[in-house]
Amino acid sequence: MAANPFLDPSFEIRWTQLRPELIEPAIATALAQAQAAVDAISARDLGTLTYENTFLALERATEELNVAWGKVAHLQSVADSPPLREAHNRMLPAVSAFYAKIPLNAELWCRLKTFAGSPAAAELRGIHRRFLDETVADFRQAGADLPPEQRARLEALQSELAQLTQKYAENVLDATNAWQLVIEDETRLRGLPARACAAARQNAERKGYGSTEKPAWRFTLQAPSQEAVITYAEDEDLRRWMWSAVVSVGSLEPYANASLIQRILARRAEKAALLGKPHFADLVLERRMARNGARALGFIEDLQQRAQAAFARECRELEEFKAQRSGGAEGLLKAWEVAYWAERLRQARYDFDEEALRPYFPMERVIAGMFELAHRVFGLRIAERPAGSVEVWHPEVKFYDMHDARGRHVGSFYADWHPREAKRGGAWMNYLITGGPQSDGTRAPHLGVICGNLTPPLDGRPALLTHREVETIFHEFGHLLHHLLGEVEIKSLNGVNVAWDFVELPSQIMENWCWERESLDLFARHHATGEAIPAELFAKMNAAKNFRSACAIMRQVQLAKMDLLLHLRTGEFLEGDIEARARAVVADTMLPTEPPARTLVKRFTHIFGDPVGYAAGYYSYKWAEVLDADAFTRFRREGLFNPQVGAEFVEHILSRGNSAEPMELYRRFMGREPDLNALLIRCGLKS
């Protein structure tokens, strides 16, 4: 066991000992050891090169650093604090520079390229051939063939991008946490679900607002709080305040992101130019399924065209509905009215209130049902470790072990589902340790984590989720399965380390089971009575499934199109008002409102919170949605719990990582290439 817990390779991480002051010495040590390993490969005599002492040695060289830095980054996402942030940011430039230098190391590249052209390399087969080819492609795409001066500039760009995107993400988190709305007049809460009011009151009490005699209600920009206000509050001022605060995240000092966006875009464009690409989108997509920015944009614009007529109709219907109900003139809605009137229209049209589903989705039962589904479909057994038997970073965090049908311990994972101020927004899955097949014939378990910001428990009662939150849990669990079921012996090719526009298939396909009666009955039970969702409510839920589906598609089209155009036509966005310029290129995809709605550009952490992340790749959600809608037709046709189909999905998709081209893996499972019509039919845009 290592003295410094950040360097401890133990499977059960000592979270209570991971203190900020230990980060710098741990990462400095890991960096030095990784650099020494890279230097050893780079100094090898050209006549002694083997696959083992070049490519496999490079794979092992960064393993300790990957795991140690992964712990630091994870803690910053779930337990941020000033000392932790300071320690992270102090080491970030060195870590970024180290990784950026690897493909730009001329001596290292010489050894890899020399072996890659040797007769021994030509004899490699299977995963080892794939690893060699992918590594060579990684190096070339990262600039290994550049002359020295350009390599040095590329290193500097990588380091600067790491710092700029880190600051962008910090601004979004800090701006979110800096805002609150405390209400003392209960009449202003009319329309809000009782649960939302109770959560706001409990939140106020925790912060010292109000009293038993004179209660107060505190609302924040965390999703469960702000979405309830914008969707249900009858008080228009309340909705307007909340909407204004949400869209201002990343816009106001000291958390303004506008200049950071333009600097990030400029650095990405310069990086692409150095690497011989006309724009960043082509650089990023070169080895993804879309292959280039033009094809990705064409895919998104095709979806836009297919949804455009239905989108216009849905917008017009909402304007007509509001005019009828309010007695006013027909016209554009205000930006903070859309969610409110859309919910009222849905209730009127389908007599369906999504809040009516909450009692049937207690979190513990949802998770238990999901595990049962995983058992029936994929042959997995998942068991929670007793509280206190494993260290965690917060008392709410739980730890689970997963075994397969053969009884093998395939992996374990932490689950952290509720919002905290020290935790970043959204939902995500990440991996902490990559195990898999070992060179001695054994198999080591994987370790992962799934996180979210879902409705928390209230006053001793269980956390009652919305249906969308249930989908979120299933989505992240799909990513987790992709990691934990990986059977690829090369760690960097395991699990979710696949083409970005393929990575959402395992996650998004899991959401389909959240709509099927047969699977819902595994977990959708009333928290007090245990009864299943009544047939009438289920029928209403399904009838309302595709309510305003064109608007939902157009929202994703808007984000993907904006992302692609920012990275295809970067020069248009480097000066002036970034919001106005971004809005101009996607105006035809945005809901028509007065005042005009704002884009997500200043709080779009998916594309600006990481040096690459989803940049030029947000389209992959819709791309993968085509894959998941089509792939799920096999389960619909052959059985929702069909273990044979589940076993084939594990065999061809979940266990294979990046061991072959994504389309090849998809064809192995489906026997053909994907059909776009499956998505259009599921969304109700095609019969």
Side-chain angles (χ1 to χ4, degrees), residues 161 164-165 168-169 171-172 247 249-251 257-272 277-305 307 311 425-428 499-504 507-508 551-574 576-591 597-626:
L161 277 168
L164 290 172
T165 53
Y168 178 101
N171 282 346
V172 172
V247 300
V249 168
S251 295
N257 276 333
S259 64
L260 286 174
I261 294 167
Q262 292 170 325
R263 290 167 66 192
I264 291 167
L265 288 174
R267 302 308 182 272
R268 285 174 174 167
E270 184 183 352
K271 176 181 174 181
K277 297 295 182 182
H279 36 63
F280 188 71
D282 273 10
L283 174 66
V284 168
L285 303 185
E286 181 180 14
R287 290 162 58 218
R288 297 186 185 175
M289 294 179 80
R291 297 303 179 196
N292 57 62
R295 188 178 178 208
L297 184 60
F299 165 74
I300 286 298
E301 289 180 334
D302 179 39
L303 265 185
Q304 179 181 347
Q305 185 177 0
F311 174 64
W428 67 96
W500 208 277
D501 40 15
F502 189 65
V503 76
E504 296 297 336
S507 57
Q508 290 180 183
C551 286
I553 286 177
M554 205 62 83
R555 168 69 169 171
Q556 290 299 96
V557 165
Q558 174 204 138
L559 297 176
K561 188 175 181 180
M562 178 174 67
D563 168 35
L564 283 165
L565 291 176
L566 285 168
H567 294 101
L568 284 167
R569 291 159 37 185
T570 298
E572 299 175 22
F573 304 96
L574 297 184
D577 184 341
I578 186 67
E579 165 62 26
R581 292 177 183 268
R583 193 182 195 288
V585 298
V586 294
D588 58 348
T589 68
M590 299 184 72
L591 296 168
R598 295 189 211 167
T599 72
L600 206 65
V601 69
K602 294 179 183 177
R603 51 196 169 97
F604 203 175
T605 51
H606 270 75
I607 65 171
F608 291 119
D610 185 273
V612 178
Y614 275 87
Y618 198 85
Y619 76 91
S620 60
Y621 280 108
K622 277 300 172 195
W623 185 283
E625 207 172 320
V626 172

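No experiment lies behind these values; they were computed from the predicted model shown.
N171 places no side-chain N or O within donor-acceptor distance of the main-chain N or O of G250, the cut-off being under 3.5 Å. Judged purely by atom type and a 3.5 angstrom limit, R583 uses its side chain to pair as donor or acceptor with the backbone of A597. No donor-acceptor distance shorter than 3.5 angstrom exists from the side chain of R268 to the backbone of H567, with no hydrogens or angles considered. Side chain of Y168 to main chain of K602: a donor-acceptor pair is present (N/O by atom type, distance under 3.5 Å, no hydrogens or angles). Remark: the backbone N or O of G293 is paired with a side-chain donor or acceptor of D282 at under 3.5 angstrom. Looking at E579, its side chain does come within 3.5 Å of a backbone N or O of T599 through a donor-acceptor pair.
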**Prompt:** What's the verdict on side chain to side chain contact (heavy atoms under 4.5 Å, CB included) for Q508 and Y621, showing C-alpha distance, side-chain angles and the deciding distance?
**Reply:** CA-CA 9 Å; Q508 290 180 183; Y621 280 108; 3.3 Å; yes
**Item:** Criterion side chain to side chain contact (heavy atoms under 4.5 Å, CB included) on F608 and L260, from CA distance to verdict
**Value:** CA-CA 9 Å; F608 291 119; L260 286 174; over 6 Å; no
**Prompt:** Between V601 and M562, does a side chain to side chain contact (heavy atoms under 4.5 Å, CB included) hold up when you go through it step by step?
**Reply:** CA-CA 8 Å; V601 69; M562 178 174 67; 4.2 Å; yes
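Residues Q262 and S259 have side chains that never bring a donor and an acceptor to within less than 3.5 angstrom of each other. No side-chain donor-acceptor contact under 3.5 Å links D563 and Y619.
The pair R295-D501 does not count as a salt bridge, with every side-chain nitrogen at least 4.0 angstrom from each carboxylate oxygen. The existence of a salt bridge linking E270 and R267 is excluded, since no basic side-chain nitrogen approaches an acidic carboxylate oxygen closer than 4.0 Å.
Note that NZ of K622 is 10.5 Å distant from CG of L559, once rounded to the nearest 0.5 Å. Between atom CG of residue L600 and atom NE2 of residue H606 there is a gap of 9.5 Å, rounded to the nearest 0.5 Å. How far NZ of K277 is from CD of E286: 3.5 Å, rounded to the nearest 0.5 Å. Going from atom CG of N257 over to atom OG1 of T165 covers 11.0 Å, rounded to the nearest 0.5 Å. We find the CG-CZ distance between L265 and R569 to be 13.0 Å, quoted to the nearest 0.5 Å.
The closest side-chain heavy-atom distance from R288 to F502 is not below 4.5 Å. Contact annotation: the side chain of D588 approaches that of Q304 to within less than 4.5 Å [non-hydrogen atoms, C-beta and beyond]. Looking only at side-chain heavy atoms (C-beta outward), V247 and R603 come within less than 4.5 Å of each other. Considering only heavy atoms from C-beta on, L564 stays 4.5 Å or farther from K561 through its side chain. Proximity of F299 to M289: side-chain heavy atoms (C-beta onward) are nowhere separated by under 4.5 Å. Taking the side chain as every heavy atom from C-beta outward, C551 and L591 approach each other to under 4.5 Å.
Here the closest non-hydrogen pair linking A272 and L283 is CA-CD2, 4.0 Å. What you find for F573 and R581 is that their closest heavy atoms are CE2-O, 3.5 Å. Residues L285 and A296 approach most closely at CD1-CB, 3.8 Å, considering heavy atoms. Nearest approach of V503 to S507, heavy atoms of both residues: O-OG, 4.2 Å. The shortest non-hydrogen separation linking F311 to M590 is CZ-O, 3.7 Å.
Below 30°, between 30° and 60°, or above 60°: for Y614 and W500 the angle between ring planes is above 60°, a perpendicular geometry.
For the side chain to side chain contact (heavy atoms under 4.5 Å, CB included) test with I261, the passing option among I607, L164, I578, L566 is I578; the others fail.
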